[in-house]
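Scope of the values below: all heavy atoms of this structure, side chains included, with no hydrogens, waters or symmetry mates. Naming: A, B, ... by sequence-line order, numbering from 1 per chain. The model shown is predicted, which means the values in this text are computed figures rather than measured ones.
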Amino acid sequence: MNATESLPIWDIASDITGALRDGNRLIIEAPTASGKSTQVPQMLLDRGLLGEGQVMVLQPRRLAARMLATFVARQRGARLGDEVGFQIRFEDVSSRATRIKYVTEGILLRRMVRDPALAGISAIIFDEFHERHVFGDVTLAQALCLQEQTRPDLKLIVMSATMHVGPIQEYMAPCPALKSEGRTFPVELEYLPRSPGRGESVWEIAVRNIDRLLREGLSGDILVFMPGAHEIHRTIRELQGCASTKGLIILPLHGELARADQDAALAGYEQQKIIVSTNVAETSLTIHGVRTVIDSGLARVANYDPRRGINTLLIDRISRAAADQRAGRAGRTAPGRCLRLWTQPEHSQRPRAETPEILRLDVSEIALTLKAAGLSDLDSFRWLSPPDPESLERSLQLLTDLGALSSATGDITPLGHRMLAFPVHPRYARMLIESGERNCVKAIALVASLTQGRGLLQRRQDKEVKQRRAELFDDRSDSDFFPLMRAWNFAAEHAFDLGQCRRYGIHAQAARQVAATFESFLKTAQREGLPVDGPATRDEDIRRCILVGFADHLGRRMDGGTLRCDIVHGRRGDIDRESAVRDHTLVVASDIQEIEGRDLKVIMSLLTAVEEEWIEELFPGEIQERTETEYDPRARSVLSERQRVFRGLVLERKAADPDTDAAAALLAREMAKGELRPKSWSPEIDQWFDRVAFLAEHCRDLGFSEITDDDKLQMFQQFCHGSTSYKQIKDKPLKPVIESWLSSPLRPLVEKYAPAQITLQGGKRAKVKYTRGQAPRISKRIQDIYELRESPRLAMNRVPVVVEILGPNMRPVQTTQDLKAFWSEAYPRIKQELQRKYPKHEWR
DNA sequence: GAGCACTGC
């Protein structure tokens with residue numbers, strides 16, 4: 001027996017071939033290092049299971065596809081690209097003779113669009129399927145349909161880590177499952193004896209424990225998992241302050257780092273080293289020689305909130321499976337140990353596995369692909385995990401907006417088919433088609449390329465770099481894409497030279513990748529008959545194209561002094577403070593994301609300024625002239641004003657009714673007397689009441705203790721901004737949900753961020769809004785009020801001050817009593833200020 | 001008042 005045949009997977013080789021002779025579906029449960037990825041494809045080929053055809057091996061990462069193909073080709077003594085080959089986004093090393101082909105998931109999905117019968121393919125292997133990437137999920141579903149309908153000979157093999165196969169086996173039934181062992185070393189698991197104190201940060205807990213282990217004489221390299229770059233840097237700073245780490249090498253590792261810095265973390269050293277890393281080290285990069293893993297148990301997780309249509313990036317607890325994967329990193333070369341910075345009881349409450357991507361992310365691209373495959377009803381598609389109906393609904397709405405689906409029938413339109421030629425999110429595909437009409441194909445192809453993959457400009461650069469950037473690429477512009485395009489052109493002109501790129505904080509690797517994407521988009525554009533070369537492009541046309549792709553990301557700055565922005569469909573956000581777009585009222589954001597850093601914020605970035613006339617021109621008939629009216633029994637009056645509105649965003653206000661001011665004045669007086677009750681809560685608050693009422697009711701049914709007001713506030717946060725939607729909670733047994741939530745170490749964090757936004761309005765035109773944790777001192781609020789008053793768009797005279805209050809030192813304003821208490825404290829001071837500044841008015 | 005995980009066509 002040679003070295004290869006001693007791999008654990010060979011123990012079940014005859015079972016594998018037997019199962020595939022009897023049937024055409026198979027699941028192989030096998031951990032990493034069982035040899036499955038390299039050996040199973042060869043078994044199929046060598047034992048005649050492929051006939052004359054090819055086996056496609058799907059990989060979740062490009063690097064893995066390339067490395068595996070190289071390894072297998074060498075093992076078979078073949079030249080890469082002959083019998084064994086691979087294909088990833090910009091590299092196809094395969095030929096007609098290729099029998100074993102390693103590909104990334106998107107490659108096969110694209111191929112199925114062009115060639116639904118998959119001619120010449122005898123088998124598909126879905127490797128690392130437990131990672132549950134969107135493209136993998138959909139490709140498997142499509143392949144199962146194909147097998148049932150026209151290709152009964154097609155063999156489908158799913159390979160997955162242990163513990164994930166149950167639902168998949170049901171889904172593929174009838175389908176046998178085989179199990180193989182891995183070849184890793186045992187890892188000893190340790191937990192914290194008790195939950196850490198509330199005030200202690202993850203990095204403090206981690207460093208305290210690392211220090212302890214080092215004092216106990218821990219040897220071998222240490223890998224620490226943290227949720228992000230910020231936490232990594234804090235950890236490193238603390239570690240450097242410990243006596244026990246003297247002489248040790250301490251290095252960060254995360255995706256944002258330049259290649260050279262990543263290599264430094266992966267390299268071997270004489271001294272003991274500590275690597276503090278994000279999830280890159282969980283699957284994508286392997287660090288050799290790690291004997292101990294310290295796991296914070298946290299990760300930043302991307303989600304898509306279909307209710308708001310906004311992407312989120314929040315810190316979440318990782319699943320049990322992910323924790324095992326992290327722990328396994330300590331047992332690659334020898335027995336190891338793993339310290340989990342949470343307690344064992346808490347561990348058992350964690351979810352079993354990560355939520356599949358299809359349940360978490362925007363599904364527009366998938367929806368368009370399936371529509372193109374002729375599916376009229378996506379609900380009836382054979383999903384392994386059906387996406388949230390709300391999420392599906394929103395993506396269909398977006399596709400309809402973009403013109404890819406017919407608003408009458410829901411079927412794909414000719415425009416939709418043309419969009420599908422571009423392997424990119426439908427928004428950018430739509431922009432590319434539009435660019436053909438507006439003579440800016442090259443520019444838009446570059447814009448689209450710049451948004452793919454990692455950011456071109458590195459974040460967290462020092463002042464000098466920022467200064468150099470500002471001089472060369474401009475820091476004021478009508479679109480954030482313009483400086484970005486200049487930066488890329490600069491990198492390209494210097495042949496992506498590392499030194500030049502570094503001077504400007506340009507990610508050289510990312511810039512090369514942009515070049516490849518750009519070329520490929522241009523090629524596709526040419527093939528699709530778009531005019532690639534034409535007369536000089538106008539910036540204005542580029543901006544129009546961007547508006548076409550992102551009309552539902554249109555925002556209007558609320559005032560000149562802050563970054564706050566109203567977004568269509570009643571949403572709110574803050575403009576990226578590094579945006580080059582200033583002094584414009586209307587903007588579209590190519591990226592809107594709710595991010596958890598030290599705070600929780602909706603950030604709008606990659607802005608492009610647009611003009612109101614363009615909206616009329618590009619979306620004819622969608623701007624409505626509306627009269628907003630509202631009857632307020634206390635004011636005994638109708639408040640009304642005429643507005644121009646685009647999808648809920650007020651573009652321009654026209655004259656108000658003469659009644660308005662009088663009514664507003666009346667409201668002001670009532671408010672001053674402290675008798676005004678909130679007439680209507682914001683929608684969030686309404687929902688909060690709904691949800692809390694629901695929970696409170698069920699709590700009692702379960703004999704569960706009372707929920708305190710404090711708890712309610714936290715729940716509000718959990719439901720409005722967390723990854724758990726009301727619907728999900730509703731379908732689960734409540735007691736464990738509530739229990740785990742109450743004992744969550746994130747609870748203090750959640751509490752800190754509870755936004756509890758409350759707005760009281762005395763008329764439609766005056767509004768000041770603060771969120772919890774952000775409310776400034778009263779003097780600053782008064783200043784805001786002045787700004788509001790002086791804003792030309794809000795030509796206010798006697799409209800009352802509107803205050804929404806919550807601050808670190810203030811009681812939360814939740815009830816009318818709270819409001820009264822606040823008002824009686826704050827109003828005299830506000831009044832005093834107002835009186836001083838506007839003595840002509842009578843302030844009561 | 002102050003912010004960013006990882007992939008993939």
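For A:Arg110 and B:dC9, the shortest distance from a side-chain N or O to OP1 or OP2 is not below 4.0 Å. OP1 or OP2 of B:dC6 has not a single side-chain nitrogen or oxygen of A:Ser284 nearer than 4.0 Å. For the pair A:Arg111 and B:dC9, the criterion of a side-chain N or O lying under 4.0 Å from OP1 or OP2 is not met. Taking only side-chain nitrogens and oxygens, A:Arg454 never comes nearer than 4.0 Å to OP1 or OP2 of B:dC4. Listed pair A:Thr278 / B:dC6 meets the phosphate criterion, a side-chain N or O lying under 4.0 Å from OP1 or OP2.
The aromatic rings of A:Phe381 and A:Trp383 stand perpendicular to each other, their planes meeting at an angle above 60°, with 30° marking the opposite boundary.
Here A:Ala299 lies out of heavy-atom contact (under 4.0 Å) with every strand. A:Arg61 comes within 4.0 angstrom of the backbone, heavy atoms only, and of no base. At the heavy-atom level, A:Glu365 lies under 4.0 Å from base atoms of the strands shown. Here A:Leu285 lies out of heavy-atom contact (under 4.0 Å) with every strand. Across all strands shown, A:Leu108 has no heavy atoms under 4.0 Å from either base or sugar-phosphate atoms. Residue A:Val301 is out of contact with every strand shown, counting any heavy-atom pair closer than 4.0 Å. The residue A:Leu109 sits apart from the nucleic acid: no heavy atom pair falls under 4.0 Å.
The 5' end of DNA chain B is approached more closely, in terms of each residue's nearest nucleotide, by A:Glu578 than by the other of A:Glu578 and A:Glu256.
Across the protein-nucleic acid pair, A:His130 atom NE2 and B:dC6 atom C1' stand 14 Å apart, rounded to whole Å. In this structure, A:Asp362 atom CG and B:dT7 atom P are separated by 20 Å, rounded to whole Å. If you measure from atom CG of A:Asp574 to atom P of B:dA2, you get 10 Å, rounded to the nearest angstrom. Rounded to whole Å, atom P of B:dC4 lies 19 Å from atom CG of A:Leu456. Rounded to a whole Å, the CE atom of A:Met226 is 14 Å from the C1' atom of B:dA5. For the pair A:Asp127 CG and B:dG8 C1', the interatomic distance rounds to 15 Å; values are reported in whole Å. Nucleotide B:dC6 holds its C1' atom 11 Å from the CG atom of A:Leu361, rounded to whole Å. Between the CD atom of A:Glu105 and the C1' atom of B:dC6 there is a distance of 13 Å, given to the nearest Å.
Nearest to the side chain of A:Glu357, among B:dC9, B:dT7, B:dA5, sits B:dT7. Of all nucleotides listed (B:dC4, B:dC6, B:dG8), B:dC6 comes nearest to the side chain of A:His254. Of all nucleotides listed (B:dG1, B:dC9, B:dA5), B:dG1 comes nearest to the side chain of A:Leu563.
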- Item | A:Asn279 vs A:Arg326, side-chain hydrogen bond (donor to acceptor under 3.5 Å, both in side chains): CA-CA, chis, key distance, verdict | CA-CA 9 Å; A:Asn279 257 350; A:Arg326 286 181 174 186; 2.8 Å; yes
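Taking the charged nitrogens against the carboxylate oxygens, A:Lys466 and A:Asp475 have no contact shorter than 4.0 Å, which rules out a salt bridge. Using a cutoff of 4.0 Å between basic side-chain nitrogens and carboxylate oxygens, A:Glu594 and A:Arg571 are not scored as salt-bridged. For A:Arg340 and A:Asp324, the salt-bridge test passes: some basic side-chain N is under 4.0 Å from an acidic carboxylate O.
Looking at A:Arg300, its side chain has no donor and acceptor atom pair within 3.5 Å of the base of B:dC4.
Of the N and O atoms on the side chains of A:Asn303 and A:Thr312, not one donor lies less than 3.5 Å from an acceptor on the other residue.
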